[in-house]
**Q** 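Just dropping this structure here.
Remember, predicted model here, so these are calculated numbers, not experimental data. Labels below follow one simple rule: chain letters A, B, ... track the order of the sequence lines, proteins then strands, and each chain is numbered from 1.
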2 protein chains.
Amino acid sequence: MKNLKRLQGLLRRERLDGMVVTCPPDLIFLTDFNQEGFALLVGQRRTWAFVPELLKDQVRRDVPDCRVVAGVSLVAGVAAVMRGEGLRRVGFDPTREIYATGRALEKKGLVPIPGLVLRLRAVKEHKALERVRRACRISAGAFERVRRRIRPGRTERSVALELEEEFRKEGGEGVAFETIVASGPNSALPHHRSCERLLKSQEPVVMDFGSLFQFYRSDMTRTLFLGKSPPPLYRRVYRIVERAQREGIRRLRAGVSAGEVDRGSRDTIQRQGYGSYFIHSTGHGVGLEIHEPPRLGPGSKERLRAGMVVTVEPGIYLPGRFGVRLEDTLLVTAQGSRRLTQP
Amino acid sequence: MKNLKRLQGLLRRERLDGMVVTCPPDLIFLTDFNQEGFALLVGQRRTWAFVPELLKDQVRRDVPDCRVVAGVSLVAGVAAVMRGEGLRRVGFDPTREIYATGRALEKKGLVPIPGLVLRLRAVKEHKALERVRRACRISAGAFERVRRRIRPGRTERSVALELEEEFRKEGGEGVAFETIVASGPNSALPHHRSCERLLKSQEPVVMDFGSLFQFYRSDMTRTLFLGKSPPPLYRRVYRIVERAQREGIRRLRAGVSAGEVDRGSRDTIQRQGYGSYFIHSTGHGVGLEIHEPPRLGPGSKERLRAGMVVTVEPGIYLPGRFGVRLEDTLLVTAQGSRRLTQP
């Protein structure tokens, strides 16, 4: 429950008497537990867990350091604790809370305080980092094995399923997000859904995938070309994306702004005349969610910190023709970064 | 896009000029499409899709009958369409929308209208029903094969993984929720997380599982006893739960209130003196979400309608000792119900 203590420290610094937490990744971050109906009121010293009757014994067993309140609604339960304990300034997260619940909490005197838990989640502590690292290793290893068996005539979906099968063999617990295998013109759609299309010779395949390990995720993309001699345009685009990724990664370091990394990748692509075909951010944080802060996009002022885990994933998409994207998940360090997506 | 038309009909009846839809299962229901950042404004006649730049081409290809608006924020985009098209009364769902977004939409003049799409989702149209049916068949078939291989010495987790493997072999696309295999005293926790505990002889195993097929889900629970002669208490409890499920199912019929079905199961358990050990509702709707309306719990006044798909799942949990739960997913019909969770 180290993260619970970290949040309690943050509450004291922010002069908050408590914080209501209801969103699944925040709950898992704090307690390694989540089930429908489970919610927390974290005070500066004590924590209350609100649960439906059917979770009572389980939460008592699996979530230490909490007072378990069963069978009352979250809003009524929070209000009662606030009265009983004299908590005055209690927050909820307006960027995560459901509108109706947020309104009801406001009526009980709570205040919207955005992103408090997310801020802690952005810098990975030891346990989180070990899990992300493992998820990254699982997916990179799976790719190494599957890539040798990718050939014309297979469907996108069969390749996606095989990759997911390899995740499980390596101890992965599922997928971090829907596996993307996008072949030929489909590769020009960054978030194509793998379908029954047959892979063809002399076409590229974009594969974007990640595995899940103890709630944590990985994210990586590789672009392959099926066939012996890729046409010059493909080779050119691939090289630009490769260079763009390298330029982004080169700027990755604690203290640098997230927008600076984006600029590294984006300028490289722009200078080659493909700026308008790079239609997304350069990267994002990865952890309990596949997309979490920081955002590595144009103008993002957020300072990177050591212990953040982010992707660098520039791409060029030529509509109706093909696309190339290259992505790794990396750990930000004081000196630079370490690539986690390797076998 | 039949469901989009159904919603537009409902808008006309409710005298709403439009409805903002952002929650994933509602979006899938309406368009069979969902990706981060995709949202709809459904008008009485036209529909607008708001997407990030990277989804533009994909939404144009995969979501017909929509005007695609790329690269503007949802709130600004909705406000612009409302002005341009003269839409006045436009809703958002306060039970699904994020607080901050709901507040911003309110400032643009939108009004909270709860559960409009959910109401449509509760009665399964042909396509939805076929998918749920398939998900049910997949999980029931998988169970039949796995049950023969369950024996003392295996871990809970290995049985859960094997079940999930069988789902995939049958064309399932994943799990409807985290598979529960709860053995011995763990079976007394309704939502136990499968762990490394070894199954033992002369102990019960509760298995609660479901598969995913084209976004739709199934839900079923079986309780087995490992060993030749279950002790009298287990036999007694099992028989009561069996009878309680039968009594619930017997009352299932279009026109009956959801609470009436709960009463059927609950009274049976209460009469045998185990009322306080039945610590959850008797059932719930199943579809794009594993728990959706109607709720089959005490006092639930909602009338069941033909085409609803619900679970009936009474259980008795003796803390520290063992539990028994039996669950099927059923289709409500005019005459009664049909069990979908069979191979």
Side-chain angles (χ1 to χ4, degrees), chain A residues 23 33-38 51-62 70-71 92-106 112 114 157 161 164-165 168 173-175 177-178 182 185-186 188-193 195 276 278-281 289-291 315 317 319-320, chain B residues 23 32-38 51-62 70-71 92-106 112 114 157 161 164-165 168 173-175 177-178 182 185-186 188-193 276 278-281 289-291 315 317 319-320:
Chain A
C23 102
F33 184 88
N34 174 52
Q35 295 253 5
E36 201 176 313
F38 173 65
V51 298
E53 203 64 47
L54 86 165
L55 287 182
K56 194 172 58 180
D57 291 343
Q58 200 174 343
V59 170
R60 283 204 181 115
R61 183 189 68 176
D62 295 346
F92 68 93
D93 191 334
T95 67
R96 292 307 178 115
E97 192 54 76
I98 291 297
Y99 177 87
T101 309
R103 290 295 275 171
L105 290 171
E106 267 188 333
R157 204 192 300 274
L161 287 173
E164 296 172 5
E165 178 74 31
R168 283 186 296 272
E173 292 163 4
V175 294
F177 55 92
E178 206 178 336
N186 290 343
L189 303 171
H191 282 180
H192 172 68
R193 295 194 73 204
C195 67
S276 61
F278 178 21
I279 51 179
H280 52 71
S281 295
E289 291 172 283
I290 190 61
H291 296 139
Y317 309 91
Chain B
C23 102
D32 247 333
F33 184 87
N34 175 52
Q35 294 252 8
E36 201 174 314
F38 172 66
V51 299
E53 204 64 48
L54 86 165
L55 288 182
K56 194 172 58 182
D57 291 342
Q58 199 174 344
V59 169
R60 282 204 182 115
R61 183 189 69 176
D62 295 347
F92 69 92
D93 191 333
T95 67
R96 292 307 178 114
E97 193 52 78
I98 291 297
Y99 177 88
T101 309
R103 290 295 275 171
L105 290 171
E106 267 188 333
R157 204 191 301 272
L161 288 173
E164 295 171 6
E165 178 73 33
R168 283 187 296 271
E173 293 163 5
V175 294
F177 55 91
E178 204 180 336
N186 290 343
L189 302 171
H191 282 181
H192 172 68
R193 294 195 74 205
S276 60
F278 178 20
I279 52 178
H280 53 71
S281 295
E289 291 172 283
I290 189 62
H291 296 139
Y317 309 92

**Q** Do you know which of B:E173, B:E164, B:R193 has the most heavy-atom pairs with chain A at a distance under 4.5 angstrom?
**A**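 Max contact count across the listed options: B:R193.
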**Q** Decide if the gap between the ring center of A:Y99 and the ring center of B:F92 is smaller than 6.0 angstrom.
**A**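 Ring centroids of A:Y99 and B:F92 are less than 6.0 Å from each other.
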**Q** Measuring heavy-atom distances to chain A, does B:I98 have an atom under 4.5 Å in its side chain, in its backbone, in both, or in neither?
**A**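 Contact with chain A involves both backbone and side-chain atoms of B:I98.
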**Q** Given a strict heavy-atom distance threshold of 4.5 Å, which part of A:E178 is in contact with chain B: side chain, backbone, both, or neither?
**A**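 Interface part for A:E178: neither.
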**Q** Could you look at B:H192 and say if it's the side chain, the backbone, both or neither that has a heavy atom under 4.5 Å from chain A?
**A**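 B:H192 touches chain A through backbone and side-chain heavy atoms alike.
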**Q** Using non-hydrogen atoms and a 4.5 Å limit, figure out which bit of B:E106 sits close to chain A: side chain, backbone, both or neither.
**A**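 Interface part for B:E106: side chain.
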**Q** Got a salt bridge between A:E97 and B:R96, using NZ or NE/NH1/NH2 to carboxylate O under 4.0 Å?
**A**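 No salt bridge links A:E97 with B:R96.
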**Q** Relative to chain B, which segment of A:R61 carries a heavy atom at a distance below 4.5 Å: side chain, backbone, both, or neither?
**A**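 For A:R61, the contact with chain B is made by the side chain alone.
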**Q** Using non-hydrogen atoms only, which part of A:E36 is less than 4.5 Å away from chain B: side chain, backbone, both, or neither?
**A**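 Just its side chain gets close to chain B.
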**Q** Select one option (side chain, backbone, both, neither) describing which atoms of B:R168 are under 4.5 Å from chain A's heavy atoms.
**A**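 For B:R168, the side chain is the part near chain A, not the backbone.
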**Q** Find the distance between CG (B:N186) and CG (A:D57) and round it off to the nearest 0.5 Å.
**A**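 Interatomic distance, B:N186 CG to A:D57 CG, rounded to 0.5 Å: 11.5 Å.
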**Q** Enter the distance from B:D93:CG to B:L105:CG here, rounded to the nearest 0.5 Å.
**A**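 Between B:D93 CG and B:L105 CG, I get 11.5 Å after rounding to 0.5 Å.
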**Q** Can you tell me which portion of B:F177 sits under 4.5 Å from chain A's heavy atoms? Options are side chain, backbone, both or neither.
**A**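 B:F177 has no heavy atom closer than 4.5 Å to chain A.
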**Q** Where does A:Q35 contact chain B at under 4.5 Å (heavy atoms): side chain, backbone, both or neither?
**A**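 When you check distances to chain B, only side chain atoms of A:Q35 fall under 4.5 Å.
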**Q** In terms of heavy-atom pairs under 4.5 Å with chain A, which of B:R103, B:H280, B:E53 leads?
**A**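 Heavy-atom pairs under 4.5 Å are most numerous for B:R103.
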